[in-house]
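By convention in this document, chain letters (A, B, ...) are assigned in the order of the sequence lines, proteins followed by strands, and residues within each chain are numbered from 1. These numbers were taken from a predicted model, which means no experiment stands behind them. All values below were derived from every heavy atom in this structure, side-chain atoms included, with hydrogens, water molecules and symmetry-related copies excluded.
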Amino acid sequence: MENLAIGLRGVDFMAVDPAKTRKILVVHGVETGTDQDLHLDNDIYELVESRLKGIPLDFSAEMYRYENINDAAQAKLKQVLNIFFQGIIGKAIVDPTIELVGDVVIALKKGSTADTIRQGLVTRILEIFAEGNPLYIVAHSLGSIYAFDAVNQLIGTKAYFNRDDRKTWPVQGLVTMGSPLGLAMFNRKSVTDIGEGRKFLRWINYWDRTDPVVSGSFYGKPQQGYSIVERFASSSPTCGWFIQDRVVDIGKAWLMAHVGYWSHPAIGDDLATLIAA
Amino acid sequence: MARRMLLILCLLVLNGCTQYIYSGTIAGKDSAGKDRTFLVYWNKTERLLWFDTWAGAVRLLTECSLNDLVYEEMENGIIFQRRESDEGVNRGIPLKGPCGEIQNARQIKDLKEGALLLSVNCRPIPDEFSLTNRMNYPQAQDASYVFQVTKQKVADVENSVPPRPACRD
């Protein structure tokens, strides 16, 4: 009973227990293949673990997979195009192209598939919240759009995120990597205010200057300046977000940079700091 | 279209790059007054064409702590921004204000081997979620910390960043 807290609407729910295992929920971006092919949670776990150097940190990582939902939405289109591009060419070129392009189109449109993905993520977040584990979201590329929307949706419901009580926060921190959130096509411009208080929800947005998904330049024109999503926070005392755009040098360029965040030791160090704080 | 594809191909082929890790360690007192080893590191990629030379943030790791300090390139220099979990020592520092600074240069790609002058003006203020005794970092002081930094050419960043100093507790 001692883990119960009273939500802002007077409803009892399980509060987050700082003594419980800290959980990282990984949200993938544009992918090919199926949900069973995705194991980026293992990559994140190993990245953080490799940087601890024996310092105990009770954490785990799991993944929110939605590639099967995307694939189901794209199935009819694949069927039609494969009539025209049969055989090896169809399998090698058409299927992956549809998957990659289709994933983006689905996220851009505010249709039922995007809603299904978003609500599935919200559901998983609230399941972990009900279990009482402190939760941190690590989202890559297109997945950062869904993660951003899910967190803001939860803040907007007012049933959670009592600003001065982290035990009422379903999400303790947000990390995005290689995110296209700064691009006009996705039309995300601000975060939802959390309310009056003194605590801040942390959001760190990692970006490599050569990452074309960040800059929107297919030909790899380097992103300039220092601010991408920091401008999403307002100066209002009710904002409650602490947002940092953090540039990283992945050591590779262009699309290789875009997929290189998962293994950069500096991100592992920062994640350890975030979940330990 | 064909010309653009050829350009991309050339860029990929010609975009040879050289990677470096800069790092250095010193001994000192942490914010709890204990003797600790501190490590700074950053990586830099030098490129021939198009993408230019540039570098990641400078990180400071503390023995027996999980609280890394990130000195990031900003418009006003290389700054460790105050987070909610920090407070200024003997001075008020607003959120995102300078809890520390690197004095040698304004851009990380201009930092060189040799003496790195780094300041710390804050101390950690953990809350109920923070791991006890794992959030310390170098003690705030008026004088800058001086790290002797060496530069190492590496084949890849992933396997070359030095580990945090081993905890002797």
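Among Arg51(A), Arg198(A), Gln244(A), the residue with the largest count of heavy-atom pairs under 4.5 Å with chain B is Arg51(A). Residue with the most contacts toward chain A among Leu95(B), Asn43(B), Asn67(B): Asn43(B) (heavy-atom pairs, distance under 4.5 Å). The candidate from Asp269(A), Leu47(A), Val248(A) with the greatest count of non-hydrogen atom pairs under 4.5 Å with chain B is Asp269(A). Counting heavy-atom pairs under 4.5 Å between each of Ala266(A), Gly260(A), Gly54(A) and chain B puts Ala266(A) at the top. Per-residue counts of heavy-atom pairs under 4.5 Å with chain B were compared for Ile275(A), Leu52(A), Asp58(A); the largest is that of Leu52(A).
Other residues, nucleotides and ligands place more than 12 heavy atoms under 6.0 Å from the CG atom of Asp169(B). Counted within 6.0 Å of CG on Asn90(B), heavy atoms from surrounding residues, nucleotides or ligands total 12 or fewer; the atom is thus considered open. Atom CE of Met256(A) is surrounded by 12 or fewer heavy atoms from other residues, nucleotides or ligands within 6.0 Å. For Lys151(B), the NZ atom is densely surrounded, since the number of other residues' heavy atoms within 6.0 Å is greater than 12. More than 12 heavy atoms of other residues, nucleotides or ligands lie within 6.0 Å of CZ in Arg168(B), so this atom counts as buried by the packing criterion.
Residues Asp127(B) and Lys199(A) are paired through a salt bridge, judged by an N-O separation under 4.0 Å between the basic side chain and the carboxylate. A salt bridge is absent between Glu84(B) and Arg202(A); no separation between the charged side-chain nitrogens and carboxylate oxygens falls under 4.0 Å.
Between the side chain of Lys96(B) and the main chain of Ile243(A), a donor-acceptor pair closer than 3.5 Å is present.
When heavy atoms are compared at a cutoff of 4.5 Å, Arg22(A) approaches chain B solely by way of its side chain, counted from C-beta outward. Heavy atoms closer than 4.5 Å to chain B are found in the backbone of Ile250(A), but not in its side chain. Proximity to chain A (any heavy atom under 4.5 Å) is shown, for Pro126(B), by neither the backbone nor the side chain. Only the side chain of Gln19(B) comes within contact range of chain A, with heavy atoms under 4.5 Å apart. Neither the backbone nor the side chain of Ser160(B) comes within contact range of chain A; no heavy atom of the residue lies under 4.5 Å from a heavy atom of that chain. Of the atoms belonging to Val161(B), heavy atoms from both backbone and side chain fall under 4.5 Å from chain A. For Glu158(B), the parts sitting under 4.5 Å from any heavy atom of chain A are the backbone and the side chain alike. In this structure, chain A has a heavy atom under 4.5 Å from the side chain of Leu61(B), while its backbone stays farther away.
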message: Checking Arg166(A) against Glu128(B) for the salt bridge (Lys or Arg N to Asp or Glu O under 4.0 Å) test, could you report, in this order, the C-alpha distance in whole Å, the side-chain angles of both residues, the deciding distance, and whether it holds?
response: CA-CA 9 Å; Arg166(A) 284 177 65 181; Glu128(B) 61 183 334; over 6 Å; no
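Under the 4.5 Å side-chain criterion, counting only non-hydrogen atoms from C-beta, Asp68(B) is in contact with Asp270(A). Put simply, the side chain of Leu57(A) does not reach to within 4.5 Å of the side chain of Arg134(B), judged on heavy atoms. Two residues are said to be in side-chain contact when any heavy atoms from C-beta on lie closer than 4.5 Å; Phe200(A) and Arg83(B) fail this criterion. Using a 4.5 Å heavy-atom cutoff, the side chains of Glu73(B) and Val247(A) are not in contact. A 4.5 Å side-chain heavy-atom check between Lys109(B) and Asp249(A) finds every atom pair outside the cut-off. Using a 4.5 Å cut-off on side-chain heavy atoms (C-beta onward), Arg164(B) and Ile55(A) make contact.
Of all heavy-atom pairs between Ser130(B) and Ala277(A), the closest is OG-C, 3.5 Å. The nearest pair of heavy atoms linking Cys17(B) to Gly251(A) is SG-O, 4.0 Å. Residues Pro163(B) and Lys53(A) come closest through the heavy atom pair CB-CD, 4.1 Å. Among all heavy-atom pairs drawn from Glu72(B) and Asp245(A), the shortest one is OE1-O, 3.7 Å. Residue Phe242(A) comes nearest to Arg82(B) through the heavy atom pair CZ-O, 3.4 Å, listed as atom of the first residue, atom of the second, then distance. Taking each heavy atom of Thr273(A) and Met135(B) in turn, the nearest pair found is O-CE, 4.4 Å.
Remark: Leu274(A) CG to Leu66(B) CG distance equals 11.5 Å, nearest 0.5 Å. Taken to the nearest 0.5 Å, the OG1 atom of Thr45(B) stands 10.0 Å off from the NZ atom of Lys252(A).
Contact residues of residues 172-180 of chain A toward chain B are Gln172(A) (heavy-atom distance under 4.5 Å).
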